[in-house]
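Here's the structure we're looking at; comments come further down.
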Amino acid sequence: METKNILMVGVGGQGTILASKILSEGLVELGYDVKMSEIHGMSQRGGSVSTQIRYGKEVFAPTIGAGEADIMVSFETMEAARYIGMVKPDAKIIINRYRIFPPDVLAGECDYPDTIIDDLSAKLDVISLDAAGIAAGLGNPKCMNIVLLGALIKGMGLDTADWDSIIAKMVKPQFVELNRKALRAGMDAVE
Amino acid sequence: MKKLLTANEAIARGFYEAGGSVASAYPGTPSTEILENISNYKDELYCEWAPNEKVALETAIGAAIVGARSLAAMKHVGLNVAADPLFTAAYTGINAGLVIICADDPECHSSQNEQDNRHYARSAKIAMLEPSNSQEAKDMVRMALEISEEYDVPVMMRTTTRVNHSKSVVEIGERTELPMKPYTKDRMKYDAIPAISRQLHKKIEKRQLKLAEYSDSCALNFIVDNGAKVGVVAAGAAYQYSRDVFGDKANFFKVGMSYPMPIEAIRKFAMGLDKLYVIEELDPFMEEEIRAAGIDCIGKEIIPVCGELNSSIIRKAVFGEELPLAEVKTTVVGRPPALCAGCPHRGAFVQLGRYYKDAIVCGDIGCYALGGSAPYNAKDCAICMGAGVSLAHGMKKAFNHYGQTDRKVVAVIGDSTFFHTGINSLTGMLWNNGNALVIILDNRTTGMTGHQENPGTGYTLDGGKANIISIEEVVRALGAKNVRTVNPLDLAAMKEALDWGFGLNEPAVIITRYPCALKKYSPEDKEEFGTLDKCIIDAGKCIGCRACVRTGCPALVFNKENKKVVIDQGQCTGCSICMQVCPKDAISKKG
């Protein structure tokens, strides 16, 4: 098979790293060669963050360049627009309807762009979901990242792996059940 | 057993499996997690944080000389600090293996420059290995230690951010437990005085030839033959990008040992090819060696010298092809990193920016690099670790020389950076009757790299109790008479300290002491700093003047419609800086 490219973007602190770790473990269990790349450092201080996961028979480059992502999951609405140059024209885009205001918007210097989901939907295959609302409905807004992971897994047709046991390996025992529910809720949200 | 590991995790595992005994490092992105992961094996080896990279490397050299396999890890600019021991350890050689992990940062993801440290290997005349994925990173640590022992040479393993921080599949092995190698006194080998060093230099020139022979024949350098008429020479991440871009349209010469270069092996590889590409990040390091050997190649005339490579850049450079992109018109607002809600550095920068706009602020390396951005605009320059204090000292001396004695110059440096090399800079300033103002932002941890212990925190790498080295006592011992410790969250005290420091015509040191907002408090922190109540805002009193917002706290949200500020309770730490700048007393403490 041709190598597939997944792009996860968001804001430092949103849990993209845990989500990508769980995903990578699952891909290894499914028998794929996997590479995952992320950027640490200053981006942890509330900046824009991205994680790239590549899987296939034999994966070479650890990262992707412009126009290479088969799917992008944006944990925050505006970040989808920031990284749009990385996706293929026929890519699937999953956007969390969740806004984190950058400094200039917080300070009232400019407005948060309102039309991003519409702008992207006009040209691309976009699914938007309220992962924060779904997570809150499950009793813990913090599992928003796993809801989005569920949507991604469904979007890439990877739902055949035993995600329940992978989650059990990757998260603390007291959060296993919550995260399993979150993953299923995310899968259901994009059906 | 197979595991998905970053190269940093794999390097740690490789050192453990290869019977590594002593490891030392100073944290620096992208190398920090190497030592953090080595400390997972602390029951079977010894590891520690050093105050700087020079100390880390010297510690590792010492351990290697007496017979323990050793490792020192650092980011690229760290090797500048450690270059002094490196060049002479290259002369003395070692006893047990010594590997120096050096993590370059093309694209400056978290660094002040994107220097290419491969030049160090050539310059110091030591062997260099370059892994291109995590499995190679693990295997090469063992190889490096073996080469080190076989050829009596420190071995550098050069990585880049994309290798350090990328995960790939690694086969996990067992540890080889090694006895200590016997140490015998041998001044003619280890005592680098002129008469001995002249002899050692001759020895290492001979070693160079042997290493070059080894490089030409070793399995670290290998060929992927696709029967093509085009050849690609590549190392590190650039090799992986090239495999994707060229596919089976090229034969590959994968360089794993990049110094000395396997020149004769490359010459053989190039024979019969129509074209030879050298694909490498940053400088034309391999290209120059290949051209110098009279082998024709295509390199930096098409591959960029600046920044990181990726498949798209190489594809465009070589084949002139660009992948189609999604055609979307939309708007994006910048999201630069910002000081966290509750960051104790905020108090210092708010007051410097408000009251001392004309002062020249010399910054340093750490989270407080953000002090130069809006809304603080409280930084003029930054060069490297520890430089802030000596830059300020030099500026002040120059102003004084030209009679501009009233010019205000201040250095701003963090606690870990102070212990790293700031302490030397302050020594120079105090010794030479300098009179700049120095602010040491002591947030009780090494913040930027993710909360490593440092000499002031009272703990070692493995969480053990340690001697707390008091910054205030150190500064006084160096001879500073004017020293004040303030709580930076108290804006009045902060301003008073700045007025005092700038008002003196003598050297002065202000230590701002309050923990990083993200720090997990130690028992000592809990006792000293306690807990804070969050801040709430009375919407009736808020006039929408945005004075609080101009402190740059990400917990404050200005609503343009009703012209009121809201405090995000999830982010607020109760630092109360907003409360202190509000002209209408609209902000108060909860409870």
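Sequence lines set the chain letters: A, B, ... in the order given, protein chains first and strands last, and positions in each chain run from 1. Keep in mind the model is a prediction, meaning the values are calculated, not measured.
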Side chain, backbone, both or neither: which part of [X] has a heavy atom under 4.5 Å from chain B?
{"X": "A/E76", "result": "side chain"}
{"X": "A/I100", "result": "both"}
{"X": "A/V28", "result": "side chain"}
{"X": "A/K123", "result": "side chain"}
{"X": "A/D118", "result": "neither"}
{"X": "A/L120", "result": "both"}

Taking [options] one by one, which has the highest count of heavy-atom pairs under 4.5 Å against chain B?
{"options": "A/K35, A/M86, A/E25, A/K21", "answer": "A/K35"}
{"options": "A/L106, A/V34, A/T3", "answer": "A/L106"}
{"options": "A/G67, A/G85, A/P89", "answer": "A/P89"}
{"options": "A/A122, A/A81, A/A91", "answer": "A/A81"}

| Mind checking whether B/Y368 and B/H345 have parallel, tilted or perpendicular rings, split at 30° and 60°? |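 B/Y368 vs B/H345 ring planes: perpendicular.
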| Do the ring planes of B/F252 and B/F246 sit parallel (below 30°), tilted (30 to 60°) or perpendicular (above 60°)? |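 Rings of B/F252 and B/F246: perpendicular, over 60°.
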Donor on one side chain, acceptor on other, [X] and [Y], under 3.5 Å:
{"X": "B/K167", "Y": "A/S24", "answer": "no"}
{"X": "A/T63", "Y": "B/N310", "answer": "no"}
{"X": "A/E79", "Y": "A/S48", "answer": "yes"}
{"X": "B/Y241", "Y": "B/R315", "answer": "no"}

| field | Quiz item: cation-pi between B/K249 and B/F319, 6.0 Å / 45° | value |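 Yes - B/K249 lies over the ring of B/F319, closer than 6.0 Å to its centre and within 45° of its axis.
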Option that, when pairs with chain A are counted at under 4.5 Å, heavy atom only, ranks first among [options]:
{"options": "B/V549, B/V565, B/T330", "result": "B/T330"}
{"options": "B/P324, B/C343, B/S134, B/G552", "result": "B/P324"}
{"options": "B/S166, B/P375, B/A326, B/P554", "result": "B/S166"}
{"options": "B/I313, B/V328, B/D568", "result": "B/V328"}
{"options": "B/I314, B/D244, B/T331", "result": "B/D244"}
{"options": "B/V163, B/V566, B/V333", "result": "B/V333"}

So does [X] pair up with [Y], basic N to acidic O under 4.0 Å?
{"X": "A/K92", "Y": "A/D125", "result": "no"}
{"X": "A/K57", "Y": "A/D33", "result": "no"}
{"X": "A/R184", "Y": "A/D164", "result": "yes"}

What part of [X] lies closer than 4.5 angstrom to a heavy atom of chain A: side chain, backbone, both or neither?
{"X": "B/K329", "result": "backbone"}
{"X": "B/L556", "result": "backbone"}
{"X": "B/R335", "result": "both"}

| query | What's the verdict on side-chain contact (heavy atoms from CB on, under 4.5 Å) for A/I84 and A/M72, showing C-alpha distance, side-chain angles and the deciding distance? | reply | CA-CA 9 Å; A/I84 203 69; A/M72 171 166 74; 4.0 Å; yes
| task | For a side-chain hydrogen bond (donor to acceptor under 3.5 Å, both in side chains) with A/N5, tell me which candidate from A/R54, A/Q52, A/K88 qualifies. | result |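 It is A/R54, the one option of A/R54, A/Q52, A/K88 that forms the side-chain hydrogen bond (donor to acceptor under 3.5 Å, both in side chains) with A/N5.
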